Protein chains: 2
Amino acid sequence: MAIKKNLSASSEDYLEAIYNLICRHKVARSKDIAESLGVSRASVTGALKSLNSKGLVDYKPYGFIGLTEKGTQQAESVVRRHNIIESFFVNVLGVEQRAAKQAACKAEHALGPYVISRLLSFTEFSTSYSKKGADITAEFNKYCRSKGV
Amino acid sequence: MAIKKNLSASSEDYLEAIYNLICRHKVARSKDIAESLGVSRASVTGALKSLNSKGLVDYKPYGFIGLTEKGTQQAESVVRRHNIIESFFVNVLGVEQRAAKQAACKAEHALGPYVISRLLSFTEFSTSYSKKGADITAEFNKYCRSKGV
DNA sequence: TAATATAGTTAGGCTCTCCTAACTTTGCAA
DNA sequence: TTGCAAAGTTAGGAGAGCCTAACTATATTA
């Protein structure tokens, strides 16, 4: 059993980018990873080597870029955190989609399982509640308007 | 007018630590900064030099450590973000104080003014609402229990 | 006031993450 | 099939932020 070491924010970003590219385009090309993270192609090569040595990506120079089982798990964990945070921002706070995504990209590295699980529950609670009697979102918007926020 | 450059998370942490020490003990000693951030004294010296060169702290070797006007503003901005996030975690999500503080320490570097302002409003809304009819916190706790979370 | 303990600094080094420039490989088009 | 553009890699380097070890300054106290 490999020792579970916490990944750096940077490594998590690479895994997330690779995961999303594979989901959307079947393959993750180095150039596209660079583009989606706003870094140089050389930086991507370096990151791939590092992730490869950690057993998180399958990668040989000039070859196919894939995620290992372990890498997929880690990537899914990041993506899950991202989605929970983004969904909270959009559906509870009423933050605009684009800003929510941006903020989630940063916050996803900062929140641990405990807070994430509460956040998820709260978003579920809030949206499920809004379907029944008290519409929390609507009430919150009313509150904001009344305060001029 | 100085160019407003975003500070690194590390710099923000130092400013916050200095600010809190001055609030609590009138002075910020290098040793205490090191302790409260869990870094070496040498690292503190390095950070002080860097913050000094940015005009954020008043500092001379072996001398008094103070915050400049600009430094105080920045520190207050960080502390404010921290408090808003921590308060949301505790008072809305029902996260335990210690964990909330820890998470806020990380998240404070990740959230910008827009999201922070919505978060503040939501916490205000939630707590003010809980005093009137619908106690959101209580309802959320009920919801969590019903889901076994 | 002199000795010693504590606080702070300096020097040197490490890792991480990024960069540019130059080179190699690959794949497509003529 | 060759020849060129695009993609990817390598080499070399920068800077942030951290460390330890050794040194210097300050403060305490006998």
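Here is the naming used below: chain letters follow the sequence lines, and residue numbers restart at 1 for every chain. None of these values were measured; they are calculated from a predicted model. When reading the values below, keep in mind they use all heavy atoms of this one structure, side chains included, and skip hydrogens, waters and symmetry mates.
- Remark: the B:S126 side chain and the B:T123 side chain contain no N/O donor-acceptor pair separated by less than 3.5 Å.
- A salt bridge is absent between B:R41 and B:E35: the closest approach of a Lys/Arg side-chain nitrogen to an acidic carboxylate oxygen does not fall below 4.0 angstrom.
- Regarding contacts with the backbone of D:dT10, a side-chain N or O of A:K49 is found under 4.0 angstrom from either OP1 or OP2.
- Ring planes of B:F88 and A:F88: tilted class, angle from 30 to 60°.
- Rounded to an integer number of Å, the gap from NZ of A:K60 to P of D:dA7 is 23 Å.
- For the OP1/OP2 pair of D:dG8 and a distance below 4.0 Å, the side-chain nitrogens and oxygens of A:T45 include no atom meeting the criterion.
- An OP1 or OP2 oxygen of C:dT6 is reached within less than 4.0 angstrom by no side-chain nitrogen or oxygen of B:Y62.
- Note: CD (B:E12) to C1' (D:dG17) measures 15 Å, nearest angstrom.
- The distance from atom CZ of A:R29 to atom P of D:dT9 is 13 Å, rounded to the nearest whole Å.
- Across all strands shown, B:G38 has heavy atoms under 4.0 Å from sugar-phosphate atoms exclusively, and none from any base.
- Put simply, A:S50 has no side-chain N or O that comes within less than 4.0 Å of OP1 or OP2 on C:dT17.
- Aromatic ring centroids of A:F122 and B:F122 lie under 6.0 Å apart.
- OP1 or OP2 of C:dC19 has at least one side-chain nitrogen or oxygen of A:S40 nearer than 4.0 Å.
- Of the side-chain N and O atoms in A:Y14, one or more sit less than 4.0 angstrom from OP1 or OP2 of C:dC18.
- Salt bridge annotation for B:R98-B:E86: absent, with no cationic side-chain nitrogen under 4.0 angstrom from a carboxylate oxygen.
- Between C:dC18 and A:S10, a contact under 4.0 Å exists linking OP1 or OP2 to a side-chain N or O.
- Listed nucleotides: C:dC19, C:dT9, D:dC19. Nearest to the side chain of B:V39: D:dC19.
- Taking atom CD1 on B:I33 and atom P on C:dA7, their separation rounds to 13 Å, with Å as the unit.
- In this structure, CZ of A:R41 is placed 12 Å from P of C:dC19, rounded to the nearest angstrom.
- The nearest whole Å value for the distance from the CG atom in B:D32 to the C1' atom in C:dG8 is 13 Å.
- Nucleotide D:dA16 holds its P atom 17 Å from the NE2 atom of B:H109, rounded to whole Å.
- Atom C1' of nucleotide D:dG17 and atom CG of B:L37 are separated by 12 Å, given to the nearest angstrom.
- Nearest to the side-chain atoms of A:S8 among the listed nucleotides D:dC19, D:dT9, C:dT17 stands C:dT17.
- Heavy atoms of B:S30 sit under 4.0 angstrom from primed sugar atoms or phosphate atoms, though from no base atom.
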